[in-house]
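Have a look at the structure below before the remarks.
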Amino acid sequence: QVQLVESGGGLVQPGGSLTLSCAASDSIARLYAMGWHRQAPGKQREMVALMNSEDNILYANSVKGRFTLSKDNAKNTWYLQMTSLKPEDTAKYLCVANLGRYWGQGTQVTVSS
């Protein structure tokens with residue numbers, strides 16, 4: 001069982017930036033997929049960014065060009081760098097591994113002036 005713990009959420013003004021982290025309890029080199037989903041109140045959970053075992057990354061169209069998914073194998077951590085944030089990016093962000101086998105508890109991101 002892999003435990004995932006997110007951090008880095010918070011309140012940011014429109015146009016601002018935040019970087020989320022997802023720390024895994026085991027080696028992420030053993031994972032075949034990792035990434036982020038988000039869920040806003042009253043909306044379905046949606047994929048934000050996913051990386052496969054070959055380091056290919058898929059981004060949701062709504063975040064392409066603004067968000068960047070990266071990882072640090074030595075720290076067993078992956079990141080979501082978010083720039084040019086918009087109010088519609090407000091959601092709970094959850095890290096996910098192995099296509100939903102493992103989930104974190106989520107970290108809240110609120111974009112508001």
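Every pair passing salt bridge (Lys or Arg N to Asp or Glu O under 4.0 Å) that includes a residue from residues 68-83 is listed here, sequence neighbours excluded: Asp55-Lys71. Within the structure, the ring pair (Phe, Tyr, Trp, His ring centres under 6.0 Å) test picks out the following pairs touching residues 94-113 (sequence neighbours left out): His37-Trp103.
The CD atom of Gln81 lies 7.0 Å from the OG atom of Ser17; values are rounded to the nearest 0.5 Å. Note: Ser62 OG to Asp89 CG = 7.0 Å, rounded to the nearest 0.5 Å. Taking OG1 from Thr107 and CZ from Arg38, the interatomic distance works out to 14.0 Å, rounded to the nearest 0.5 Å. To the nearest 0.5 angstrom, Leu58 atom CG is 4.0 Å from Met47 atom CE.
Atom CD of Glu54 is surrounded by 12 or fewer heavy atoms from other residues, nucleotides or ligands within 6.0 Å. Surrounding CZ of Arg101 are at most 12 heavy atoms belonging to other residues, nucleotides or ligands under 6.0 Å away. Within 6.0 Å of atom CD in Gln105, 12 or fewer heavy atoms from other residues, nucleotides or ligands are found, so the atom counts as exposed in its surroundings.
The side-chain heavy atoms of Leu11 and Gln108, taken from C-beta on, include no pair separated by under 4.5 Å. Side-chain contact between Gln13 and Leu85 is absent, with no heavy-atom pair separated by less than 4.5 Å. Considering only heavy atoms from C-beta on, Met82 comes within 4.5 Å of Tyr93 through its side chain. A heavy-atom distance below 4.5 Å is found between the side chains of Trp36 and Glu6. With a 4.5 Å cut-off on side-chain heavy atoms, Pro87 and Pro14 count as touching. Between Trp78 and Ser70, the closest side-chain pair of non-hydrogen atoms is not below 4.5 Å.
If you chain together hydrophobic residues whose side chains sit under 4.5 Å apart, Leu18 and Tyr59 fall into the same group. Leu20 and Val12 end up in the same hydrophobic cluster when Ile, Leu, Val, Met, Phe, Trp and Tyr side chains are linked at under 4.5 Å. Both Leu80 and Ile28 belong to a single network of hydrophobic side chains, linked directly or stepwise wherever heavy atoms of I, L, V, M, F, W or Y lie under 4.5 Å apart. Phe67 and Tyr79 fall into different hydrophobic clusters, where Ile, Leu, Val, Met, Phe, Trp and Tyr residues are linked whenever their side-chain heavy atoms come under 4.5 Å apart, directly or through other members. In the hydrophobic clustering of this structure, Leu50 does not group with Leu31; members are Ile, Leu, Val, Met, Phe, Trp, Tyr whose side-chain heavy atoms approach within less than 4.5 Å, directly or through other members.
Between Ala24 and Leu4, the closest heavy-atom pair is CB-CD2, 3.8 Å. For Thr77 against Ser21, the heavy-atom pair with the smallest separation is CG2-CB, 4.2 Å. Scanning both residues, Gln3 and Gln1, for their nearest heavy atoms gives NE2-CG, 3.4 Å.
Counting only distance, with no hydrogens or angles, the side chain of Arg66 and the backbone of Ser84 share a donor-acceptor pair below 3.5 Å. Under a 3.5 Å cut-off, the side chain of Ser25 and the backbone N or O of Val2 do not form any donor-acceptor pair.
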Derivation of the side-chain contact (heavy atoms from CB on, under 4.5 Å) call for Asn76 and Ser27:
CA-CA 6 Å; Asn76 292 325; Ser27 171; 4.1 Å; yes
Walk me through whether Asn98 and Met34 qualify under side-chain contact (heavy atoms from CB on, under 4.5 Å).
CA-CA 6 Å; Asn98 287 4; Met34 63 190 73; over 6 Å; no
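Grouped with Leu99 in one hydrophobic cluster are Tyr32, the linkage being side-chain heavy-atom contacts under 4.5 Å among Ile, Leu, Val, Met, Phe, Trp and Tyr residues.
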